Amino acid sequence: MIYTDMTYRAMDIAYRAHEGQRDRNGAPYIFHPYQVAQNMPEEITACAALLHDVVEDTDVTLEQLAEDFPPQVIEALRLLTHDDDTPYLDYVRALKDNPAARMVKLADLGHNSDEGRLRAGKMSDEKIAQLKKKYASARAVLNEDFKIIAVTDFKEGQESAEKAAQLAGCGADAVILRAKQLTDGEYRALALETQRLAQKKGRSVIWHAHADEGIKAGWPEIHLPLAEFKRIKEDPELNALLPKKVGVSVHSPEEAREAGEMGASYAVYGHIYPTNCKKGAAPRGTQALRLAVLEAGIPVYAIGGIGLWNIAEVRDTGCAGTCVMSAFMEAADPEIFCRELREAIE
């Protein structure tokens, strides 16, 4: 929980507004918004989480709340308040483009779907199944644009063409072609062949490193470290040739915001979980990822240690998608693995 003067005020209002209300399981209702707020990374989303049911379920109005909270909180609450005249999934769809409201709603759906919480309410199996279907449908709307990007990681002397071809056709939304060991000429040849195969599946190949070569070749999408992005932005010739779509690797919410302000199309933030690629380095975790999502102002993709066991947790942070490297490189059949990833986020 984030503790500030503003969140204390939100706690007080929520406690008083929900006083006497009970959850389906008989517990005081206030525990639900408090649990949702526990997942929030900063005070705007924490306040929105604490108050997310106040306008819908009590006599408190948005106008009253506007006397105590900034416009960002009020706008999130407006979107999070379901008017009975609006079909439920239309209501969910209307809030998905607001990062704060979307983040709160994902956490709300997660707590509402908790098996233990549902069972404690002594509802019938049929009612529980209905609610879980409703919440799953809402989550699907919020995550319908969630993308899976495969990232290559070729070691010195490793045959790259065969694996690149597998990933190009595996069903991932795109492939970041990472092959630092290759010369510029070797890399370009690999990129062209991988792109040819990917286009057959309607997918794209993202040029990685070898930046000047990719820019001068007119490649439609490139991915750069933040330092390289800065260098190119400061070079008038290269900056003029930058493609419209540029992804940037970042390692803090502040860097994510900086990349967005400099004109990046999206940021790739990590590492989220422990990974062999970053041995000994502490993972940044999902709370920092949530903060990066809110700070960036552009789509943020998660990377680092992501696989079948944790991709659903990543999905629920509100990020735009995930980049998966080691697990794809180690998969015996990348197409089957990609299908399993998609099943894990449904």
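What you see is a predicted model; the values in this text were computed from it and never measured. Computed over heavy atoms, backbone and side chain alike; hydrogens, waters and symmetry mates excluded.
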Item to complete: List the steps and the verdict of side-chain contact (heavy atoms from CB on, under 4.5 Å) for Glu144 and Arg93.
Response: CA-CA 10 Å; Glu144 60 190 355; Arg93 191 168 285 107; 4.2 Å; yes
Practice prompt. Taking the side chain as every heavy atom from C-beta outward, state whether Leu341 and Phe328 have any atom pair closer than 4.5 Å.
Written response: yes
Item to complete: If the plane angle is over 60° it's perpendicular, under 30° parallel, otherwise tilted; pick one for His52 and His32.
Response: perpendicular
Discussion item. Ignoring hydrogens, what is the shortest heavy-atom contact between Tyr34 and Leu50? Give both atom names and the distance.
Written reply: CA-CD2, 4.1 Å
Fill in: Value rounded to 0.5 Å, distance of CD in Glu258 from CD in Glu295
12.5 Å
Worksheet entry | Reported CG-to-CG distance for the pair Asn39 and Leu106, which is rounded to 0.5 angstrom | 10.5 Å
Worksheet item: Does a side chain donor of either Asn25 or Arg119 reach within less than 3.5 Å of an acceptor in the other side chain?
Response: no
Fill in: Asp53 and Tyr29: side chain donor to acceptor below 3.5 Å
yes
Worksheet item: From Glu213 CD over to Ile222 CD1, what is the distance, rounded to the nearest 0.5 angstrom?
Response: 12.0 Å
Worksheet item: Given the side-chain rings of Tyr88 and Tyr91, with only the six-membered ring counted for Trp, is the space between their centroids under 6.0 Å?
Response: yes
Discussion item. Between Asn143 and Arg102, is there a side-chain donor-acceptor contact under 3.5 Å, judged purely by atom types and distance?
Written reply: yes
Worksheet item: Is there a chain of hydrophobic side chains (I, L, V, M, F, W, Y, each step under 4.5 Å between heavy atoms) that links Leu197 to Leu177?
Response: no
Item to complete: Evaluate the side-chain contact (heavy atoms from CB on, under 4.5 Å) criterion for residues Leu131 and Met123: first the C-alpha distance (whole Å), next the side-chain angles of each, then the deciding distance (0.1 Å), finally the verdict.
Response: CA-CA 10 Å; Leu131 287 173; Met123 289 180 285; 3.7 Å; yes
Item to complete: Determine, stepwise, if the pair His223 / Ser249 fulfils side chain to side chain donor-acceptor pair (under 3.5 Å).
Response: CA-CA 8 Å; His223 184 87; Ser249 294; 2.7 Å; yes
Fill in: Sub-4.5 Å side-chain heavy-atom contact between Glu42 and Leu291
yes
Discussion item. Using the salt bridge (Lys or Arg N to Asp or Glu O under 4.0 Å) criterion, which residues pair with Glu313? Sequence neighbours excluded.
Written reply: none
